[in-house]
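The block underneath contains the structure these notes are about, expressed in structure tokens.
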There are 2 protein chains.
Amino acid sequence: MTTLERQIGTRLSDHGVRFTRARRAVVTSLASVDGPQSAAELHKLLGGGVPLSSLYRTLAVLEEVGILAPHHGTRGLTRYELAEWLNGHHHHLVCVDCGAVDDVHLSPGMEDTLEAVVRSVTSDASFEAAGHSLEIEGRCGRCS
Amino acid sequence: MTTLERQIGTRLSDHGVRFTRARRAVVTSLASVDGPQSAAELHKLLGGGVPLSSLYRTLAVLEEVGILAPHHGTRGLTRYELAEWLNGHHHHLVCVDCGAVDDVHLSPGMEDTLEAVVRSVTSDASFEAAGHSLEIEGRCGRCS
DNA sequence: TTCCTTGCAAACGATTTGCATTGGA
DNA sequence: TCCAATGCAAATCGTTTGCAAGGAA
């Protein structure tokens, strides 16, 4: 039982939701790879052990209780990753060729700078900012 | 014939693509609203005058020739907006309640700062950055 | 006139849901 | 035990495509 599993188990029981085999498999799998994964990608990662329909339900529940965060990418695919309180605040490198998404963590100084930009945008707008994400599009190492 | 229509007409004929009624309606409609629009939203904006299947084909063609840019948002919806050479470089305010997306243009100073952050991230990575987009999530004026 | 474009309907792929069965606390 | 969670299959939803008819250059 890792620290991550303990954190997640607590969060689940706080919401009256069980920590089942499928849910454990999904979070473990997501913790072991870099970048968000789609239902189909997880299905493959898990060796087909969890049917797609169950996988979708698992992802929906884990998102509802705040364990997973969705990322909407090219071709209408939704990918999920561990929420920021588990994975840390980060941003994304999106490959315009293959569609892969990698995480990138900013240095504290750069993150502060970015937050200042966000504040400057929303200070005078009738928009209450709750979070932000910098998406950097380009060509990844494998595609260039 | 507006300046926008002239720019678009030129780009289309450069690609051997005709400037038809449906294509004119789509770009005119997108130019008159704030933020990217989905096929369904455009279908409604155009009063149903253009069938959905034609709308999808129109959007695909306009994206191919670089007149429209796609934006992938909540619920696996793809929304389109005028490309940056027509609309200017900008970022997005995404409402987590209603899903609406509004454009925000950064001041030159803030944009420079943001670009410095992007460079700092990709300078040591095997990733060739081509563009960036700052997504600010929160609650829009209508929902708060 | 000549292709490009459109409209309709059927096809598709990702995701959701009804229902009977299984399993975790 | 007892209700939540699962698995299967069928349904849905956004989007794409084949084909015959219409329209811009």
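Convention: sequence-line order gives letters A, B, ...; per-chain numbering from 1. None of these values were measured; they are calculated from a predicted model. The figures that follow rest on heavy atoms only: side chains count, while hydrogens, waters and symmetry mates do not.
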The ring pair (Phe, Tyr, Trp, His ring centres under 6.0 Å) partners of B:His92 (sequence neighbours excluded) come to B:His71, B:His90

Whole-Å distance separating the CZ atom of A:Arg79 from the C1' atom of C:dT15: 15 Å

Among residues 25-52 of chain B, which contact DNA chain C at a heavy-atom distance under 4.0 Å? B:Pro51

Is it true that the side chains of A:Thr113 and A:Glu111 contain a donor and an acceptor less than 3.5 Å apart? no

To the nearest 10 degrees, what angle separates the axes at the start and end of the helix from C:dT1-D:dA25 to C:dA25-D:dT1, five pairs each? 40°

Contact class for B:Thr78 (heavy atom, under 4.0 Å): base, sugar-phosphate, or nothing? sugar-phosphate

Suppose clustering is done on Ile, Leu, Val, Met, Phe, Trp and Tyr with side-chain heavy atoms closer than 4.5 Å. Which residues sit in the same group as B:Val96? none

Which residues pass the side chain to side chain contact (heavy atoms under 4.5 Å, CB included) test with A:Arg21, not counting sequence neighbours? none

Length of the NE2-P vector between B:His72 and C:dA14, whole Å: 15 Å

Taking the ring of B:His91 and the ring of B:His132, is the distance between their centroids below 6.0 Å? yes

Donor-acceptor list for residues 50-59 of chain A side chains, cut-off 3.5 Å, not counting sequence neighbours:
| residue | atom | partner | partner atom | Å |
| --- | --- | --- | --- | --- |
| A:Thr58 | OG1 | A:Ser54 | O | 2.8 |

Extract, from 5' to 3' on DNA chain D, the first and final nucleotides lying under 4.0 angstrom from some heavy atom of chain A. D:dC3 to D:dA9

Can a donor-acceptor pair be found, under 3.5 Å and without considering hydrogens, that links the side chain of A:Gln37 to the backbone of A:Gly35? yes

Base, backbone or nothing for each nucleotide of nucleotides 17-25 of chain C, written B, S, -, heavy atoms under 4.0 angstrom, 5' to 3'? BB----BBS

Are side-chain N/O atoms of A:Ser38 and A:Glu41 paired as donor and acceptor at under 3.5 Å? yes

For A:His15, all residues meeting ring pair (Phe, Tyr, Trp, His ring centres under 6.0 Å), sequence neighbours excluded: none

Which residue, A:Leu55 or A:Gly16, contacts DNA chain D at a nucleotide closer to its 5' end, judged by nearest heavy atom? A:Gly16

All side chain to side chain donor-acceptor pair (under 3.5 Å) counterparts of A:Glu115, not counting sequence neighbours: none

How is A:Ala60 classified with respect to the nucleic acid when contacts are heavy atoms under 4.0 Å: base, sugar-phosphate, or nothing? nothing

Do B:Glu137 and B:Glu135 make a side-chain contact, defined as non-hydrogen atoms from C-beta onward lying under 4.5 Å apart? yes

By side chain to side chain contact (heavy atoms under 4.5 Å, CB included), B:Ala25 pairs with (sequence neighbours left out) B:Leu46

Of all residues at least two apart in sequence or in a different chain, which pass the side chain to side chain contact (heavy atoms under 4.5 Å, CB included) check with B:Thr28? B:Glu5, B:Arg24

